[in-house]
Amino acid sequence: MLVLLFSQDSNFTKHTDLPDLPACFQLSVLPWAPCIFLWLTSPFYIFYLKRNNRGYIMMSILNRIKTVLGLILWIVCWTDLFSSFHEMSQNQLKPPVYFVTPLVLGMTMLLATFLIQFERLKGVQSSGVLFIFWTISVLCAIMPFRSKIMNASQAEVSVFTMFYIYFGLTLLQLILSCFNEKPPLFSSVVTDPNVCPETTAGFLSKMTFWWFTRMAIKGYKSPLENKDLWSLNKHDSSELVVPNLLNEWEVEKSKAQRYEFRQIMIQSFSPRIEVLLSKRKEARQPSFLRALLRAFGPYFLIGSAFKLLQDLITFVNPQLLRMLIAFTKQPQAPSWWGYSLAFLMFSASLLQTLILHQHFQYCFVTGMRLRSGIVGAIYRKSLVITNEAKRSSTVGEVVNLMSVDAQRFMDLTTFLNMLWSAPLQIVLALFFLWQNLGPSVLAGVAVMVLLIPFNAFIAMKTRSYQVEQMKYKDERIKLMNEILNGIKVLKLYAWETSFKQKILQIRQKELHVLRKASYLSALSTMAWTSAPFLVALTTFAVFVTVDVNNILDAEKAFVSLSLFNILRFPLNMLPQVISSIVQASVSLKRIQGFLSHDELDPESVDRRNNASGNSPHSSHADLVCCSINVMVPQGSLLAVVGHVGCGKTSLVCALLGEMEKLEGQISIQGSVAYVPQQAWIQNATLRDNILFGRPYAEQKYRCVLEACALTPDLEVLPGGDQTEIGEKGINLSGGQRQRVSLARALYSGADVYLLDDPLSAVDAHVAKHIFDNVIGPEGALKGKTRILVTHGISFLPQVHNILVLVEGRVSEMGSYQDLLKQNGAFAEFLRNYSLEDIIEDDDVTVLGSVSCRQMSIMSNDPENPKKMSRRRRCSERRHLESPSEKKELKVEKLIQAETTETGRVKLKVYWEYAKAVGPLLSLFICVLYGCQSATSIGANVWLSEWTNDALLNRTQDRVHMRVGVYAALGISQGVLVMFSSFTLALGKIQAARKLHQTLLDNKFHTPQSFFDTTPIGRIINRFSKDIYVIDEVLPSTVLMFLGTFFASLSTMIVIIFSTPIFALVIGPLALIYFFVQRFYVATSRQLKRLESVSRSPIYSHFSETITGTSVIRAYGRNTAFVLLSDMKVWSRSRLDACSSSRMFSVFTVITMIIIFNPTYPKLSNASVTMSLNWMVRMTSDLESNIVAVERVKEYSETVTEAPWIVKDKQPPPDWPPKGNVEFIDYSVRYREGLDLVLRNISLEVKGGEKIGIVGRTGAGKSSMTLCLFRLLEAADGEIVIDEVKISEIGLHDLRSKLTIIPQEPVLFSGTLRMNLDPFEKYSEEDVWKVLELSHLKKFVSNQPSKLELECSEGGENLRCLVFKKKKILLLHQNGTKLGKGFGACCVNIKKTLIMIHKERVHMLNSVLFSCDRVLVLDKGKIAEFDTPTNLLAQKGIFYGMAKDAGLA
């Protein structure tokens, strides 16, 4: 009907200079269109509002005005209706449309008014549905409005007036809908001082991203800081995203479990189908992909709907271009046709831009939620996985899961819709090409079909390379994490070179795989870049050759070319999306594998038992603890003793639920506090480490400090209890860390205390103080259930019961006296630990009598009333000076905040990357891309000339020449693309190798002080995420930047060639583009920097958590640490949210481009818009991603320590021949600006002499070892070893000639042989000899792999103390860890021996008195230095230590 109507009135509507629409159309279709829209969308919108109630908005003036206007519009519409009824009553016939339209409009206005109020009740501040409705209403009323003005003289006054009132009110409603209502009551907008403006932004502001303008202006004026960022929207936060994902994952796991149960049931009834079931078992694993789709799919589908709409609108412009070219061929056509077509092209591009960036916004937000959810899920899983799972998933691997794999999902979501959008665009483009060129387009289809198997092969190979590359990346990050954790040991042993080579070997394998993947990518790029041209070439060639009547004129050529340009984007993006999907599938499998690991059974320990406060324990743990039956009465103190490796720590772990329970029952009544053997310290203040999330109670806190002997330490620490403790307690001694761990347990006020040998790391007098005041029968824990694992025999008479373990079984249990009378395993244990250091040498038989006397005293005085009389209860202690009452100290933060660069990325950063690629290679790459664009320009110009042949009627004469030259130009372009891609692949591998090696070299040469003050997470961040960006992300960005840069350049050249007048607007246009690009990049770049910095705390917190999971679980702090992790992820997500909103500037750019639409009929503005738009985008992305090079460069230029080898100062090979050590007026400090830790030390040690160094905590004992190895450089004075000043020789020359057993045990993953001899300098016989001397031969011989025994990440101190055949040996507080026979080793060592240790009883017995002289340090100075006998006679500091230990 409408077609007939328009055909009849074509002269009235189309072929005239003053067109108008028929009255019937104006009265029916135009007013009904907005009504149909509102009635169709209202049911869904109302349902959505009911499901998403945001609160209640008070009635505002704006709301009242909109409501009143809606009612007036209803009255106006129905006034028209009643007017028509009145005219009908006057016998004036009216068509039905005069009744239907006012009725429908009136009902619609009532619906709109209802929606205004319903939205207010549901908390909607701005309505998109009503904005679109009022916009359509106004647009549909414009033509009737114009018609009525043109026909004002003929129109009735009442109709004219009522329509003008209607139009005015509708326009006013549209204007009012651009403004926002007030926020709902009690919403976050009211309570949050820094709420994201997106939550309050109106529909128009959201569509144009205008709400982000304030941030962009702020970022342009000055560099953004964290405080400038808005709060994260609640629905994007981890507290909602992660539980949602985990719930869906639990659903998947339960489905898999149900399926497995069904299979078991079926098997039990029908064993015959067992084989069939086993084949299908693999396919029924819980699917993490399905969990992701259910958790994030619905939101992502909204973005997909926008993408579908955008794809359909994309094909409007080529059709409009066809009409525009046809218009230029009709001289008689009215001019308004051209204006209308230009306006429609403008509107289509504008609408396409708006929709496209809404799609991107939804994709970015989905990606952000995906990554937050995955990181949160991995973190939560790491808190509950079993020890077996921990061994299979190292810290390095899990850091990669959180950094690289999670990021891949985020990157994929941006273009994931291309998986279906690209085929759709290809099909639509081919459909329109068929209409334009007919069956000839099938030749182009054949080209694309031929490319499918080629790209399928590349995708399969890429996936296999991706799996291999990630394996090497995991190995590298794992080893790097171990190296950074044990960097002090590497420096002390001069092992940097060996471990550096290990890293480089893994890196070489990783780059080898990356190179192969890059070559495949280059082939893929060549294929898909050439694909649109090959399709165009074959299509045009077939079109002009199959039929002489087929003429390639301007309309066919350029409409087809615009469709080929549309085809270019999906053909280019599809392989990248497939590659991203391949990478993400690898990551998905890795993440799913980690999340599927076995978890600790929370029910393995029954905490609901109410059996009179007892704690029965019956556990059977495979090969560790067997058939243990123990009942610990409430309030008693149980000591667990036994030889090394008998299962004491395993018993404690079983009580915590950390072991796999095969059978039996473990019951604990009440809360648990746990003190591990290796104290776990957080990177926080001392007070926070003790409080551990509990509220601060001053009196209780002071009592805890005194009981744990921490009060004197507060006076030494620069900031008292507010001193920041570095990672792993780096700025505390071993004893201080253990006491902080004990204080944490004491402050917790738990019911049951599990103490795993907490006294081994503290001084003798401190151990006695702690036992008397905390653990003992009259200590602060009196009345609490305590299980104490100990090697110290001096406190055993005071415990209630003693449990003796032998090879994982309970040998005997009872009181001290009862066990002595039984003369069983316990008596044997006492004899071994009391007399272990009595050796055959007659010179030291006196030591045996001392030890026996001590043991006799303990046996006869179990209660030790003298000790008890000296102790005082916490409530009776003198009032301590409160930390808050102390004068405020200016505390220097140990861990400084990570700094970020500000302003533009400096040119030297780009030059650094160009140098890494190779200056000549970089230039050659640019030349290749320039030549590639030149061939592209040539092909376009040649095609333009080809179409001119149709005007000159010489098409058939030149067909073969035209096709041949066009083909030659296109093939040349393809070859150049391939060469440029291969060259760029070579360059990126070279750059990746150089930048990584420079960073690695610098870190191995960095002084120890840097690692003491820099969290490992920051360094790992550089080696994982930033190196990943340099390896994979930055090269692809450079490729796309060069491609878009030269494409934009070639586009401009073609435009100027076709339309010379366009050159006039190039200057202003370039200035506008430059300003917009600078405006955009200023914010984008700084957000990228802040985002890079925000990753480090996540990795640091994760690494810290992994090492302390048993402590966190024991104290029930899982939830608190999850919240802390979520806060760190929240901080990063804020940056992602801001970054995703930067898209608004791209919209601004596109709008500007559209204003300058060229009207030359042979060129579509789409290519101009796309080229310049992507040029701005890629420039911004390049500057954002080059930040990775900037960050790597920053850590590659940190201050380095002295050279490893000074060639002209190298000592002789046999140096030191004697082992003489001399300190000459030596002073040292840890870092510039800190106090001296050693002051004016002067002493001389003769070769072969054995020196013991003792002193209270903080006296400077450890500093002396650091000075000898030059981990600390002298502030004044010299150290001379055999007439060589150690400050003048290379560090490796020095450190390789000394031997040390460090204080902290460190074991690297690898074989035992590698840990003992990484340079493979010694024979196997030598290795077995030192293992025998270290009492490890039996242990290693019993292992199936012998010396090839694989050591896991972390581990115990298996390093041998006399393996290096050097003249000087240092032992750093290792007697308690090296165990039985240690004293014999010390006495038999025939070299200069310096022992630094604590004054434990058995150490003073077996080690100290084997020394020739003893050096006593006090506050960094020499207090006493003489033989042990003389020092005891002097009754000074050393005598006091011996007395505290019960030896004087």
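Just so you know, residue 1 is the first one in the sequence shown, and it goes up from there.
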*Asks:* Would you name the heavy atoms of Leu1432 and Tyr1439 that are closest together and state the gap between them?
*Replies:* O-CD1, 3.5 Å

*Asks:* Just so I know, are the side chains of Val1199 and Phe1010 near enough to count as touching, which here means a heavy-atom distance under 4.5 Å?
*Replies:* no

*Asks:* Which heavy-atom pair separates Leu1238 from Gly1260 by the least distance, and what is that distance?
*Replies:* CD2-O, 3.7 Å

*Asks:* Between Asn1240 (side chain only) and Ser1227 (backbone N and O only), is there a donor and an acceptor less than 3.5 Å apart?
*Replies:* no

*Asks:* Between Arg702 and Glu706, does at least one N-O distance fall below 4.0 Å, as a salt bridge requires?
*Replies:* no

*Asks:* I'd like to check the salt bridge (charged side-chain N to carboxylate O under 4.0 Å, His left out) partners of Glu1424; sequence neighbours left out, ordered by chain and number.
*Replies:* none

*Asks:* What is the minimum heavy-atom distance between Lys648 and Val640, and which atoms define it?
*Replies:* CD-O, 3.8 Å

*Asks:* Could you tell me if the ring centre of Tyr696 sits under 6.0 Å from that of Tyr747?
*Replies:* no

*Asks:* To the nearest 0.5 Å, what is the distance between CD1 (Ile1241) and NZ (Lys1421)?
*Replies:* 9.5 Å

*Asks:* Could you tell me if Asp1225 and Ser1242 have a donor-acceptor pair between their side chains, going purely by distance under 3.5 Å?
*Replies:* no

*Asks:* State, with a plain yes or no, whether a side-chain heavy atom of Ile787 is found less than 4.5 Å away from one of Leu755.
*Replies:* no

*Asks:* With sequence neighbours excluded, tell me which residues meet side chain to side chain contact (heavy atoms under 4.5 Å, CB included) with Ala709.
*Replies:* Arg739, Val766, His769

*Asks:* Using the test ring pair (Phe, Tyr, Trp, His ring centres under 6.0 Å), find all partners of Phe1269 that sit at least two apart in sequence or belong to another chain.
*Replies:* none

*Asks:* Would you say the side-chain atoms of Gln1434 and Asn1430 include a donor-acceptor pair closer than 3.5 Å?
*Replies:* no

*Asks:* What pairs with Arg1270 under salt bridge (charged side-chain N to carboxylate O under 4.0 Å, His left out), at least two apart in sequence or on another chain?
*Replies:* Glu1273

*Asks:* Does a side chain donor of either Lys1003 or Thr1198 reach within less than 3.5 Å of an acceptor in the other side chain?
*Replies:* yes

*Asks:* How would you list, by chain and number, every residue that makes a side-chain hydrogen bond (donor to acceptor under 3.5 Å, both in side chains) with Thr685, sequence neighbours excluded?
*Replies:* Asp688

*Asks:* Looking only at heavy atoms, which two atoms of Ala707 and Val774 are closest? And how far apart?
*Replies:* O-CG2, 3.4 Å

*Asks:* Could you measure the distance from the NZ atom of Lys488 to the CD atom of Gln1008? Nearest 0.5 Å is fine.
*Replies:* 6.0 Å

*Asks:* Hey, what do you get for CZ (Arg687) to CG (Leu714), rounding to the nearest 0.5 Å?
*Replies:* 10.0 Å

*Asks:* Identify, with sequence neighbours excluded, every residue that meets side chain to side chain contact (heavy atoms under 4.5 Å, CB included) alongside Val672.
*Replies:* Arg607, Leu656, Ile668, Val752, Leu754

*Asks:* Can you name the residues that form a ring pair (Phe, Tyr, Trp, His ring centres under 6.0 Å) with Tyr379, not counting sequence neighbours?
*Replies:* His1101

*Asks:* Start with the C-alpha gap between Ile1279 and Cys1267, add the side-chain angles, then the distance that decides, and say whether side-chain contact (heavy atoms from CB on, under 4.5 Å) holds.
*Replies:* CA-CA 8 Å; Ile1279 298 176; Cys1267 296; 4.0 Å; yes

*Asks:* So, does His800 use its side chain to make a donor-acceptor pair with the main chain of Ser636 at under 3.5 Å?
*Replies:* no

*Asks:* So how far is it from Lys784 NZ to Gln634 CD, rounded to the nearest 0.5 Å?
*Replies:* 9.0 Å

*Asks:* Can you sort out the partners of Tyr674 under side-chain hydrogen bond (donor to acceptor under 3.5 Å, both in side chains), two or more places apart, ordered by chain and number?
*Replies:* none

*Asks:* Would Gln682 and Phe692 count as a side-chain contact (heavy atoms from CB on, under 4.5 Å) if you check the C-alpha gap in whole Å, the side-chain angles of each, and the deciding distance to 0.1 Å?
*Replies:* CA-CA 9 Å; Gln682 288 181 273; Phe692 206 45; 3.4 Å; yes

*Asks:* Find out whether Cys708 and Val740 are in side-chain contact, i.e. whether some heavy atom of one side chain is under 4.5 Å from a heavy atom of the other.
*Replies:* no

*Asks:* Under the ring pair (Phe, Tyr, Trp, His ring centres under 6.0 Å) rule, collect the residues that match up with Tyr1226, sequence neighbours excluded.
*Replies:* Phe1223

*Asks:* Please list, chain by chain and in numerical order, all residues satisfying salt bridge (charged side-chain N to carboxylate O under 4.0 Å, His left out) with Arg1113, sequence neighbours excluded.
*Replies:* Glu658

*Asks:* Under 4.5 Å between any side-chain heavy atoms of Asp1426 and Phe1438, yes or no?
*Replies:* no

*Asks:* Is the shortest side-chain heavy-atom distance between Leu759 and Ile770 below 4.5 Å?
*Replies:* yes

*Asks:* Arg786 side chain to Leu638 main-chain N or O, any donor-acceptor pair under 3.5 Å?
*Replies:* no

*Asks:* Measuring from atom CD1 of Ile1251 to atom CD1 of Ile1253, what distance do you get when rounded to the nearest 0.5 angstrom?
*Replies:* 8.0 Å

*Asks:* Tell me the closest heavy-atom pair linking Asp1418 and Ala1423, and the distance in Å.
*Replies:* CB-CB, 3.9 Å

*Asks:* Looking at every non-hydrogen atom in both residues, tell me the closest pair between Leu1417 and Met1264 and how far apart they are.
*Replies:* CD1-SD, 3.7 Å

*Asks:* What's the separation between atom CD in Gln738 and atom CG in Asp757, rounded to the nearest 0.5 Å?
*Replies:* 8.0 Å

*Asks:* So do Thr649 and Gln677 actually touch side chain to side chain, heavy atoms under 4.5 Å?
*Replies:* yes

*Asks:* What's the verdict on side-chain contact (heavy atoms from CB on, under 4.5 Å) for Leu705 and Ile690, showing C-alpha distance, side-chain angles and the deciding distance?
*Replies:* CA-CA 9 Å; Leu705 289 179; Ile690 294 172; 3.7 Å; yes

*Asks:* Passes side-chain contact (heavy atoms from CB on, under 4.5 Å), Tyr753 versus Ser748? Steps please.
*Replies:* CA-CA 10 Å; Tyr753 288 79; Ser748 68; 4.2 Å; yes

*Asks:* side-chain hydrogen bond (donor to acceptor under 3.5 Å, both in side chains) with Ser671: which residues, sequence neighbours excluded?
*Replies:* Asp751

*Asks:* Looking at side-chain heavy atoms only, is the closest gap between Arg744 and Val1111 below 4.5 Å?
*Replies:* yes

*Asks:* Determine the interplanar angle of the Phe771 and Phe795 rings, folded into 0 to 90°, and report it as parallel if under 30°, tilted if 30 to 60°, perpendicular if over 60°.
*Replies:* parallel

*Asks:* Taking the side chain as everything from C-beta on, heavy atoms only, tell me whether Pro676 gets closer than 4.5 Å to Ser741.
*Replies:* yes

*Asks:* Please name all residues satisfying side-chain hydrogen bond (donor to acceptor under 3.5 Å, both in side chains) with Ser1009, sequence neighbours left out, ordered by chain then number.
*Replies:* none

